[in-house]
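Below: the structure, in structure tokens.
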Amino acid sequence: MGPRAVRGLGRTVTGAPPAGVRATARIRAVADGRGGTALPVLAGEGPLALRRVRSGAGSRDEAGVMLVGAMSAPLGGDRLAVDAEAGPGARLALGTAAATLALPGRGGAPALYGVRLAVAAGAAVRWLPEPLVSVRGSDLRVHTRVELAAGARLVLREEQVLGRTGEEPGLLRSRLTADLDGRPLLDQELACGPGAPGGWDGPAVLAGHRAVGQLLVVDPEFAAAPPAPAALGEYAVAVPLAGPAVLVSALAPDALALRRVLDAACRTYGR
């Protein structure tokens, strides 16, 4: 890797890359008592800059926050985290301004990227980041943890692309865990790329596809009318979970095709 570039105030500063950046973005959303959502905590560090934006859903009671990359990250050795909490009655929409590139570092250490979403009773969170791209030579471990109280709502989308156009991927290990009212709702893990367990690209896992994604929707209304299992095309399926939730899993040849499938699923289940 070459020097690390930091963007800010219209200029680019370069220097020797650090051994590894440690940074956490913290978001706390609360109901403001007037039908809207306030953000008493909105604090980013290093490459994790935060900006308040208008909610994409156009809802006046929802606070929108965009994660804006302020430098190249994650590189090997980085430790990055996003920690977001939505209090009772709050509505929060989280996204990223661009795709996240997992890049190789000089020392060979893996990068760690953690996301924690805590959603209180009566609150709603939408976590809809742009795709994560596993670049050749990179080693990234991602863990998304969701903690939901009874009566919470969640729409969560994850999209992972193995390599840039015409490029082999790096090693990507991704885990998603979700608890609802203190009980496990979902715990799944996927490892892809050089160094992953054998068969990751075979017919039982990715079957040669280079884009993989999922949509998790938790909605109290599903308790009375749970979604039925459904095939959403040749390489996508919706499966109800043991709770008021549905999980959509999809494979696609590229990021655009994957987004089309997940957008359609979001319109069906995410409301």
Side-chain angles (χ1 to χ4, degrees), residues 24-44 48 50-67 81-96 113-129 142-158 175-188 214-229 238-249 262 265-271:
T24 300
R26 294 179 174 85
I27 305 106
R28 183 165 178 256
V30 298
D32 64 8
R34 303 187 301 273
T37 298
L39 297 171
V41 177
L42 190 64
L48 303 176
L50 299 173
R51 301 288 184 269
R52 179 156 188 172
V53 298
R54 179 176 296 180
S55 168
S59 175
R60 295 180 60 184
D61 61 352
E62 183 179 65
V65 175
M66 190 69 67
L67 190 65
V82 176
D83 194 299
E85 297 184 3
R91 295 176 61 85
L92 178 64
L94 299 170
T96 58
Y113 187 14
V115 177
R116 173 181 171 267
L117 307 174
V119 192
V125 169
R126 295 190 297 124
W127 170 237
L128 302 172
V142 181
H143 188 183
T144 300
R145 295 182 296 121
V146 182
E147 303 164 4
L148 299 155
R153 288 177 167 80
L154 173 76
V155 177
L156 179 151
R157 181 186 69 213
E158 289 189 337
R175 184 179 180 189
L176 171 61
T177 57
D179 292 341
L180 176 60
D181 197 20
R183 297 182 178 182
L185 176 68
L186 176 67
D187 188 343
Q188 67 176 26
Q214 54 197 349
L215 178 77
L216 174 63
V217 179
V218 181
D219 189 334
E221 294 183 9
F222 290 163
V239 178
L241 302 180
V246 62
L247 177 68
V248 175
S249 302
L262 295 183
C266 192
R267 289 191 293 270
T268 299
Y269 302 106
R271 287 186 258 270

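Worth saying up front: this structure is predicted, and the values here are computed from it rather than measured.
In this structure a side-chain-to-backbone donor-acceptor pair under 3.5 Å is missing from Thr37 to Ala29.
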(request) Test side-chain contact (heavy atoms from CB on, under 4.5 Å) on Val155 and Cys266 and set out the steps. (result) CA-CA 8 Å; Val155 177; Cys266 192; 4.0 Å; yes

(request) Begin from the C-alpha positions of Thr177 and Val146 and carry the test side-chain contact (heavy atoms from CB on, under 4.5 Å) through to its verdict. (result) CA-CA 6 Å; Thr177 57; Val146 182; over 6 Å; no

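Residues Gln214 and Leu262 form no side-chain contact, since every pair of their non-hydrogen atoms from C-beta on lies 4.5 Å or further apart. Side-chain atoms of Val30 and Pro40, non-hydrogen and from C-beta on, do get closer than 4.5 Å to each other. At least one side-chain heavy atom of Val82 sits less than 4.5 Å from a side-chain heavy atom of Tyr113. Using a 4.5 Å heavy-atom cutoff, the side chains of Leu48 and Thr24 are not in contact. Contact check for Asp83 versus Ile27: no side-chain heavy atoms found under the 4.5 Å cut-off. Considering only heavy atoms from C-beta on, Glu85 comes within 4.5 Å of Arg116 through its side chain.
Paired with Leu216 under the rule side-chain contact (heavy atoms from CB on, under 4.5 Å), one option of Leu241, Val248, Val246 passes, and it is Leu241. Screening Val115, Leu186, Asp187 for a side-chain contact (heavy atoms from CB on, under 4.5 Å) involving Leu176 leaves a single residue, Leu186.
Counting all heavy atoms, side chain and backbone alike, Leu94 lies closest to Ala84 at CD1-CB, 3.7 Å. Scanning both residues, Ala86 and Ala123, for their nearest heavy atoms gives O-CB, 3.8 Å. Across all non-hydrogen atoms, the minimal contact from Pro227 to Tyr269 is CB-CE2, 3.7 Å. Minimum interatomic distance between Pro129 and Arg157 (heavy atoms only, all atoms of both residues): O-NH2, 2.9 Å. Among all heavy-atom pairs drawn from Pro244 and Leu180, the shortest one is CD-CD2, 3.4 Å. In plain terms, the two heavy atoms of Ala120 and Ala152 that are nearest each other are O-CB, 3.4 Å.
Expressed to the nearest 0.5 Å, how far CG of Leu92 lies from CZ of Arg126 amounts to 9.0 Å. Atoms CG and CG, from Asp181 and Leu148 in turn, are 10.0 Å apart once rounded to the nearest 0.5 Å. Atom CZ of residue Arg28 and atom CG of residue Leu39 lie 10.5 Å apart, to the nearest 0.5 angstrom.
Every side chain to side chain contact (heavy atoms under 4.5 Å, CB included) that Asp219 has, sequence neighbours left out, goes to Arg153, Glu221, Phe222, Arg271.
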